[in-house]
Amino acid sequence: MRTQVAIIGAGPSGLLLGQLLHKAGIDNIILERQTGDYVLGRIRAGILEQVTVDLLEEAGVADRLHAEGTVHHSIELVFNRTRHPILVDQLTGGKVVTAYGQTEMTRDLMDARAAAGLPTVYEAANVSLHDFDGKTPRVRYEKDGRTHEIECDFIAGCDGFHGVSRQSVPQGAIREYEKVYPFGWLGVLSDTPPVSPHAIVYGNSERGFSLCSMRSLTRSRYYVQVPLTDKVEAWSDERFWDELRLRLDPDLASRIVTGPSIEKSIAPLRSFVAEPMRFGRLFLAGDASHIVPPTGAKGLNLAASDVKYLSSALVEYYREKSEAGIDTYSDRCLRRVWKAERFSWWLTTLMHRFPDTEGFGQKVQDAELDYLVHSKAMSTALAENYVGLPLEL
Ligand code: APR
Ligand code: PHB
């Protein structure tokens, strides 16, 4: 089989890239090692920057987003049992974010791909990448007991942190940067009305970080910081709800609507970047190349901006026979990636309690929070990063 672009991974990156390439008349196939239901079963945040919303509109998959997504004009910070609004739209000249679960975005992209009759191979096993340092890359995979080979012009590694694409790059050709945080997030999903449906609430109390979010007006998502040694089995729903309330201000705590958890898990936090993001005819995009701690809600948005740059570069190659976009892809992505890595690290450092913070360090964190909510300059810096920095076009 032959195609123009072979995409590895049917997560948000792969599906969005496939849709944008299809819209531009560029043939592509997606190879995904899991089933479609498995991919849809992943619980992930969905706080979309305007850049991401615009991209979903360009891809023709934004109808449900506009019908069911919730626009947020502000966020709230809670510390010292007091809640402080950060009016991001006023601080950024009207920019906002939209809360719309990643699962729903993935579902919309899957449905659009199926409706267009585009090829997606689910349960593609043992995918391997070949000859991407030349002009005739190939991809192999196993399905139904047979080995299949795809000849292509380009390979897009959209297969996430644990994927095969980054692992296929020769060790000497790639440099990795990583920071692992000394705590995890215990997350609960519940079919209860969100306590703050129009503003995500980030808390920093002496007991640790907390977050109040949502998936819809009837489905809430909450988190509390826990030690990495904690096991989810040790956290009953009741213990979780009690702990969450202890980390909020009294008013918000009193308004939490509790209910049975429909999903409960502990996730570690890491910052990670692999450089560069292009190796001959192989391009990495999304989690395949970088990971952020979820604090700043940047993971999905960085995947979208990588895909915007990559789809534009490939369209330019096929339409104008120019390799300018391809040659600048990695540097353009990494300038935006590192700014989002910085913001995610900064907000994580600001809002969490670190096991080894001495008295001085805690006083500095307290002062930074106090300065942030009383300084227009500092609040603006938070707001413009939260709504998303402009793309380099
Ligand atoms: N072969 C084929 N598919 C693979 C392989 C492989 N060897 N390894 C991984 N995959 C698939 C995974 O099953 C997954 O469906 O690649 C997909 C990668 O999707 P994500 O991990 O979601 O990464 P990405 O599409 O870049 O989306 C980033 O997802 O994880 C969140 O927080 C992250 O919001 C961000 C977004
Ligand atoms: C979530 O809804 O899961 C979420 C929201 C905002 C964040 C992180 C996670 O910053």
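Every number for a ligand or one of its atoms is a count from 1 in the order of the listing. Note that this is a predicted model, so its numbers are computed, not measured.
The aromatic rings of F209 and Y202 sit tilted, their planes meeting at an angle between 30° and 60°. By the 30° and 60° cut-offs, the orientation of the rings of Y222 relative to F240 is tilted. Note: F283 and F154 have tilted aromatic rings, judged against thresholds of 30 and 60 degrees for the angle between ring planes. Ring geometry for H352 versus F183: interplanar angle under 30°, hence parallel rather than tilted (30 to 60°). Aromatic ring orientation, Y177 versus W338: perpendicular (interplanar angle above 60°, classes split at 30° and 60°).
In D159, the parts holding a heavy atom less than 4.0 Å from any atom of ligand 1 are both the side chain and the backbone. Contact annotation for R33 and ligand 1: heavy atoms of both the backbone and the side chain come within less than 4.0 Å of the ligand. At a heavy-atom distance under 4.0 Å, only side-chain atoms of L211, from C-beta outward, approach ligand 2.
Comparing M105, Q102, E123 against atom 29 (O) of ligand 1, the shortest heavy-atom distance belongs to Q102. Counting heavy atoms only, S13 comes closest to atom 24 (P) of ligand 1 of the residues A10, S13, G163, A45.
Short contacts between ligand 2 and R221, defined as distances under 4.0 Å to a heavy atom of the residue, involve ligand atoms 3 (O). Atoms of ligand 1 lying under 4.0 Å from at least one heavy atom of V127, given by number and element, are 1 (N). Within ligand 1, the atoms closer than 4.0 Å to a non-hydrogen atom of G299 are 34 (O), 35 (C), numbered from 1 in the order shown. Interface of R215 with ligand 2, defined as ligand atoms under 4.0 Å from a residue heavy atom, comprises 1 (C), 2 (O), 3 (O). Taking every non-hydrogen atom of L300 and a distance limit under 4.0 Å, the qualifying atoms of ligand 1 come out as 34 (O), 35 (C). Of all atoms in ligand 2, listed by their number and element, those nearer than 4.0 Å to a heavy atom of I47 are 5 (C), 6 (C). Close contacts of ligand 1 with V164, meaning ligand atoms under 4.0 Å from a residue heavy atom, involve 7 (N). The Y202 neighbourhood of ligand 2 comprises atoms 6 (C), 7 (C), 10 (O), with distances under 4.0 Å to a heavy atom of that residue. Short contacts between ligand 1 and V39, defined as distances under 4.0 Å to a heavy atom of the residue, involve ligand atoms 15 (O). Within the listing of ligand 1, atoms 1 (N), 2 (C) sit less than 4.0 angstrom from a heavy atom of I8. The contact set between ligand 1 and G160, taken as ligand atoms under 4.0 Å from a residue heavy atom, comprises 18 (C), 21 (O), 23 (O). Close contacts of ligand 1 with R42, meaning ligand atoms under 4.0 Å from a residue heavy atom, involve 12 (C), 13 (O), 14 (C), 15 (O).
Nearest protein heavy-atom neighbour of atom 27 (O) of ligand 1: P12 CD, 3.5 Å. Shortest contact from atom 18 (C) of ligand 1 to any protein heavy atom: C158 O, 3.4 Å. For atom 23 (O) of ligand 1, the closest non-hydrogen atom of the protein is D287 CB, 3.7 Å. For atom 11 (C) of ligand 1, the closest heavy atom belonging to the protein is E32 OE1, 3.3 Å. Closest to atom 8 (C) of ligand 2, if we only count protein heavy atoms, is P294 O, 3.1 Å. Closest to atom 4 (C) of ligand 2, if we only count protein heavy atoms, is A45 CB, 3.6 Å. Of all protein heavy atoms, the one lying nearest to atom 19 (O) of ligand 1 is G11 CA, 3.7 Å. Among all protein heavy atoms, the one lying closest to atom 5 (C) of ligand 2 is S213 OG, 3.4 Å. The shortest contact between atom 31 (C) of ligand 1 and any protein heavy atom is with R44 NE, 3.1 Å.
With hydrogens and angles disregarded, no donor-acceptor distance shorter than 3.5 Å links the side chain of R138 to the backbone of S128.
Residues V232 and L269 are members of separate hydrophobic clusters, defined by side-chain heavy-atom contacts under 4.5 angstrom among Ile, Leu, Val, Met, Phe, Trp and Tyr.
For the pair W185 and ligand 2, the shortest N or O to N or O distance does not fall below 3.5 Å. For ligand 1, none of its N or O atoms has an N or O atom of G286 under 3.5 Å away. Here's the thing with Q34: none of its N/O atoms is less than 3.5 angstrom from an N/O atom of ligand 1. Residue I200 places no N or O, backbone or side chain, under 3.5 Å from any N or O of ligand 2. Considering both main-chain and side-chain atoms, G14 never comes within under 3.5 Å of ligand 1 through any nitrogen or oxygen pair. Here's the thing with Y223: one of its N/O atoms is less than 3.5 angstrom from an N/O atom of ligand 2.
Annotation for K143: atom NZ counts as buried by contact number, over 12 foreign heavy atoms lying within 6.0 Å. Environment of CG in N80: sparse, with no more than 12 heavy atoms of neighbouring residues, nucleotides or ligands closer than 6.0 Å.
Side chains of S210 and L248 form a contact here, defined as non-hydrogen atoms less than 4.5 Å apart. You'll find the side chain of D230 reaches within 4.5 Å of the side chain of P227, heavy atoms only.
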Steps toward side chain to side chain donor-acceptor pair (under 3.5 Å) verdict (R336, N301): CA-CA 11 Å; R336 184 175 174 87; N301 294 296; over 6 Å; no
What's the verdict on side chain to side chain donor-acceptor pair (under 3.5 Å) for E76 and S74, showing C-alpha distance, side-chain angles and the deciding distance? CA-CA 7 Å; E76 297 194 328; S74 64; 5.5 Å; no
Check against salt bridge (charged side-chain N to carboxylate O under 4.0 Å, His left out), R219 and D191: CA-CA 4 Å; R219 178 165 288 189; D191 280 332; 2.6 Å; yes
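K264 and W235 get closest at one heavy-atom pair: NZ-O, 2.7 Å.
No option in T349, L350, T348 other than L350 meets the side chain to side chain contact (heavy atoms under 4.5 Å, CB included) test with W346. Results of the side chain to side chain contact (heavy atoms under 4.5 Å, CB included) test with Y141 over I150, V164, T147 single out I150 as the only residue that passes.
Figure legend: R281 and F132 shown without cation-pi pairing, the cationic atom not lying both under 6.0 angstrom from the six-membered ring centre and within 45 degrees of its axis. A cation-pi geometry, defined here as NZ or CZ lying under 6.0 Å from the six-membered ring centre and within 45° of its normal, holds between R166 and F161.
The shortest heavy-atom distance from R44 to ligand 2 is not under 4.0 Å.
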